[in-house]
Amino acid sequence: MRVLFYGTPDFAVPALRALIGEGFDVVGVVTRPDKPTGRHRSTPSPSPVKVAALAEDLPVFQPETLTSDAFLETVRGLAPDCGAVIAYGHILPERLLGVPRLGHVNVHASLLPHLRGAAPIERAILEGWTETGITIIRMDAGMDTGPILHQVTTPILPDETGGELRVRLSELGALALVEALTLLDEGSGAAAPQDHAHASFAPKLKPEEERLHWARAATDVARQIRAFDPKPGAWCEARGAPLKLFGARVSPASGRPGEVLAVGEVLVIACGEGAVEIADAQPAGKGRMTAQAFVNGHRIAVGDVLA
């Protein structure tokens, strides 16, 4: 099968490597234009998918837009049997979807129709889901609305972070994509319509959602810290300066919301109901460190109140 691959971040790299390893003919890789980086934003930085594609000597395409006639003709010239999209970052225009004879499929990191949208991994943790997975859909003009070709479930572990779950789902998604494309190639890939009445949504995360509010229950605070670990990090204020917190576990301790109840190997901070134990912290302008290292290097004591 000839596959045109679309992807940008690290999350998509295992899927690209899996297709190559399983003998699919990857005729090209479409990824976002290089991102300007550096102090003056003058140094172009390639996406992880571009780096992986070039390492395999695959043709790379970085269109500014997918709606141009030129890009449409490029895809037609590649003559793919199917397009495979995973974390590309843009919705594909409808006239592009039908160019490959088997259409385009998308790898989505949730159990659709639940958690459609840009941030299904973080939102699954934030909302307290105990199970998630990978869904392969045949793409249509909507946002994650196409019929389901293949679905794989996995539990969300009690203390799993957003970063840890992302790594697991990237590997699970790679295997699921290979299975779905194999079924399509064999002509046995029947698609089932989604139940749109049960759809839920996972919109892009907003910066204000990273801010911790100690009046909330400890279970909610712990989920928020786990969802944003390692990036961008959930944060509060300690003596007027930003402080990111990681490695949260719920504790039965209690006190005023935001009050530091214990310092040492962990920080124990009171919430509106219960408390959280914090394993790591990151003060502004510093790297991530253990709670003990933070306590040793910064003036923080039992009785302080974090804002």
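None of the values given here were measured: they were computed from a predicted structure.
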Check your understanding: Counting heavy atoms not belonging to His198, are there more than 12 under 6.0 Å from its NE2?
Key -> no
Check your understanding: Do you know the tightest heavy-atom contact between Leu243 and Ala238?
Key -> CD2-CB, 3.9 Å
Exercise for review: Check step by step if side chain to side chain contact (heavy atoms under 4.5 Å, CB included) holds for Val29 and Glu56.
Suggested key: CA-CA 11 Å; Val29 173; Glu56 298 288 345; over 6 Å; no
Exercise for review: For residues Cys82 and Val105, report the shortest heavy-atom separation together with the two atoms involved.
Suggested key: SG-CG1, 4.1 Å
Exercise for review: Please check if any side-chain donor atom of Gln224 sits under 3.5 Å from a side-chain acceptor atom of Asp220, or the reverse.
Suggested key: no
Review point. Does Ser200 reach the side chain of Arg123, with side-chain heavy atoms less than 4.5 Å apart?
Key: no
Review point. Minimum heavy-atom separation for Leu16 to Val49, with atom names?
Key: CD2-O, 4.2 Å
Review point. In terms of hydrophobic clustering (I, L, V, M, F, W, Y; side-chain heavy atoms under 4.5 Å; direct or indirect links), are Leu175 and Val107 co-clustered?
Key: no
Review point. Which pair of non-hydrogen atoms, one from Val250 and one from Ala218, has the smallest distance, and what is that distance?
Key: CG2-O, 4.0 Å
Check your understanding: Do any N or O atoms from the side chain of Arg223 and from the backbone of Leu126 form a donor-acceptor pair under 3.5 angstrom?
Key -> yes
Review point. With the 4.5 Å side-chain cut-off for hydrophobic clustering, are Met289 and Val260 part of the same group?
Key: yes
Review point. How many angstroms lie between CG in Asn106 and CG in Leu112, if you round to the nearest 0.5 Å?
Key: 8.5 Å
**Study point:** Trace of the side chain to side chain contact (heavy atoms under 4.5 Å, CB included) decision for Ile121 with Leu169
**Key:** CA-CA 9 Å; Ile121 296 172; Leu169 288 176; 3.8 Å; yes
Practice item. Take atom CD of Glu131 as the centre, draw a 6.0 Å sphere, and report whether it contains more than 12 heavy atoms from other residues, nucleotides or ligands. Key: yes
Point to revise | Atom CD of Glu273 with >12 non-hydrogen neighbours under 6.0 angstrom | key: no
Check your understanding: Within a strict 4.5 Å, meaning less than it, do heavy atoms of the Val27 and Val3 side chains meet?
Key -> no
Check your understanding: Quick one: CH2 on Trp214 to CG on Leu306, what's the gap to the nearest 0.5 Å?
Key -> 6.0 Å
Check your understanding: Are any non-hydrogen side-chain atoms of Val75 and Val30 less than 4.5 angstrom apart?
Key -> no
Point to revise | With Leu92, the side-chain contact (heavy atoms from CB on, under 4.5 Å) member among Val99, Leu66, Thr67 | key: Leu66
Review point. Roughly how far apart are Met143 CE and His108 NE2, rounded to 0.5 Å?
Key: 9.0 Å
Check your understanding: Are more than 12 heavy atoms from other residues, nucleotides or ligands located less than 6.0 Å from atom CZ of Arg95?
Key -> yes
Review point. Less than 4.5 Å apart, any side-chain heavy atom of Asp185 and any of Phe24?
Key: no
Point to revise | Transitive ILVMFWY side-chain link Ile91 to Ile86, under 4.5 Å | key: no
**Study point:** Side-chain touch Cys236/Leu245, heavy atoms, less than 4.5 angstrom
**Key:** yes
Exercise for review: Taking all non-hydrogen atoms of both residues into account, name the closest pair between Leu157 and Arg168 and its distance.
Suggested key: CG-NH2, 4.4 Å
Review point. Does Ser110 offer a backbone N or O that forms a donor-acceptor pair with the side chain of Thr135 under 3.5 Å?
Key: yes
**Study point:** Single-linkage hydrophobic cluster Leu177~Val13, side-chain heavy atoms < 4.5 angstrom
**Key:** yes
Review point. In Å, rounded to the nearest 0.5 Å, how long is the span from CZ of Phe294 to CG of Leu267?
Key: 6.5 Å
Review point. Any luck finding a side-chain donor-acceptor pair between Thr31 and Gln62 under 3.5 Å?
Key: no
Review point. Under the side chain to side chain contact (heavy atoms under 4.5 Å, CB included) criterion, do Phe61 and Leu78 qualify, and how do the steps go?
Key: CA-CA 11 Å; Phe61 305 94; Leu78 293 169; 3.7 Å; yes
Review point. Which pair of non-hydrogen atoms, one from Glu73 and one from Arg76, has the smallest distance, and what is that distance?
Key: OE2-NH1, 2.6 Å
Review point. So, His150 side chain and Ile134 main chain: donor-acceptor pair closer than 3.5 Å or not?
Key: no
Check your understanding: Is any side-chain N of the basic residue among Asp81 and Arg2 closer than 4.0 Å to the acidic one's carboxylate O?
Key -> no
Review point. Which residue pairs pass the side chain to side chain donor-acceptor pair (under 3.5 Å) test with at least one member in residues 240-265, sequence neighbours excluded?
Key: Asp159-Arg249
Review point. Does the Thr8 side chain pair with the main chain of Tyr88, one donor and one acceptor, at a distance under 3.5 Å?
Key: yes
Review point. Is it true that Lys50 and Asp34 have a side-chain N and a carboxylate O under 4.0 angstrom from each other?
Key: yes
Exercise for review: Mind checking the OG1-CE spacing from Thr182 to Met1? Nearest 0.5 Å is all I need.
Suggested key: 7.5 Å
Exercise for review: Check whether any side-chain heavy atom of Leu115 sits under 4.5 Å from a side-chain heavy atom of Trp129, and report yes or no.
Suggested key: yes
**Study point:** Polar side-chain atom of Arg288 near backbone of Gln282 as donor-acceptor pair, under 3.5 Å
**Key:** no
Review point. Ile137, Leu97: one ILVMFWY side-chain cluster at the under-4.5 Å cut-off?
Key: no
Practice item. Show the numbers, then the answer: is there a salt bridge (charged side-chain N to carboxylate O under 4.0 Å, His left out) between Arg211 and Glu208? Key: CA-CA 6 Å; Arg211 185 69 150 90; Glu208 55 264 31; over 6 Å; no
**Study point:** Rounded distance (nearest 0.5 Å) linking atom CD1 of Ile156 with atom CZ of Arg226
**Key:** 8.0 Å
**Study point:** Electrostatic pair Glu122-Arg166, nearest N-O below 4.0 angstrom
**Key:** yes
Exercise for review: Run the numbers on Ile125 and Phe228 for side chain to side chain contact (heavy atoms under 4.5 Å, CB included), then give the verdict.
Suggested key: CA-CA 9 Å; Ile125 294 176; Phe228 291 99; over 6 Å; no
